[in-house]
Amino acid sequence: MIDISNLSLEYNHTKTMALKNIDFYLTKGEMAFLVGESGAGKTSLINIIMGNIKPTSGRATVNGISLTNRGINKVQKVSLRRQIGPIFQDFKLFKGRSVLENVLIGLRVLGPITEEDKHHVIQLLNQVGLQDMINHKIDHLSFGERQRVAITRAVARKPEIILADEPTGNLDQETAFNILKLLASFKSNNTTILITTHATHLLKYFQGRVITLKSGQVSSDDYLEKEESR
Ligand SMILES: Nc1ncnc2c1ncn2[C@@H]1O[C@H](COP(=O)(O)OP(=O)(O)OP(=O)(O)O)[C@@H](O)[C@H]1O
């Protein structure tokens, strides 16, 4: 599903080697946390998988689409976008629009919105606890609530892959835990999930892979058994 092979990235203008010979494989339905200190290369790797930046060498194959330094064509780019539900560090939500509109905008890129789509979105907003805020403007929501809207928008598209870049940033411990739990719950749909996070103290409550990056390299790749319930 996500196959990273001998992947390296150098930012040309600064000569920063952000990623060095990265290798790992995520199968369909697998969940992995990507951890590491600030500057370790997590966002760079996510950006390559999303097709936003090209690797300098090596290959990332995402659901059959091969991402190399040669780049991808428009058709492949559209296909990649359809398969990935991205959750960005800064959410990329639309101010002045309601919670419902923000989620529907994410679906509109895939085609006309049907009544069934709307029904599904409202069900998801219930699931993430935003049922009473459906018509509230994004501007009036708390940080954690916005994060839940961003997650709903990503999963409403029924993506094959969820990529979440630091979804726990700037959240208190309880909200961060709830966000990770929410993301982990989509594993049951056979969705492949890759989450970057600094909240390593919360990972003991989850079961899944933990891939650690250190100075652009994979320093460990472990399978985590759930240690504690909460
Ligand atoms: N656009 C860019 N141009 C040049 N260098 C960059 C760029 N983006 C990131 N870098 C550098 O690449 C390295 C990896 O950065 P990256 O943002 O991928 O790390 P990160 O692990 O996501 O960090 P954080 O946890 O702080 O978000 C860092 O040394 C960073 O300074």
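Order of listing sets the numbers, starting from 1, for every ligand and every atom in it. Hydrogens, waters and symmetry mates are skipped; everything else that's a heavy atom, side chains included, is used.
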Collect the protein residues that have a non-hydrogen atom under 4.0 Å from ligand 1 and hand them over in chain and number order.
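Under the 4.0 Å cut-off, ligand 1 touches Tyr11, His13, Thr14, Thr16, Ala18, Glu37, Ser38, Gly39, Ala40, Gly41, Lys42, Thr43, Ser44, Gln89, His198.
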Any Lys/Arg nitrogen of Lys214 or Glu37 sitting under 4.0 Å from an Asp/Glu carboxylate oxygen of the other?
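Looking at Lys214 and Glu37, the cut-off is not met.
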If you measure from the Lys or Arg side-chain nitrogens to the Asp or Glu carboxylate oxygens, is any gap between Glu160 and Lys28 under 4.0 Å?
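A salt bridge links Glu160 with Lys28.
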May I ask whether Phe186 and Leu194 are part of the same hydrophobic cluster, defined by side-chain heavy atoms of I, L, V, M, F, W, Y residues being less than 4.5 angstrom apart, directly or through others?
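No, no single cluster joins them.
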With sequence neighbours excluded, tell me which residues meet salt bridge (charged side-chain N to carboxylate O under 4.0 Å, His left out) with Glu166.
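In terms of salt bridge (charged side-chain N to carboxylate O under 4.0 Å, His left out), with neighbours along the sequence ignored, Glu166 is linked to no residue.
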Give me the ring orientation class for Phe177 and Tyr205: parallel if the planes are under 30° apart, tilted from 30 to 60°, perpendicular past 60°.
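Rings of Phe177 and Tyr205: perpendicular, over 60°.
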Do Thr56 and Ser8 get their side chains close enough for a donor-acceptor pair, meaning under 3.5 Å?
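The criterion, which ignores hydrogens and geometry beyond distance, is not satisfied for Ser8 and Thr56.
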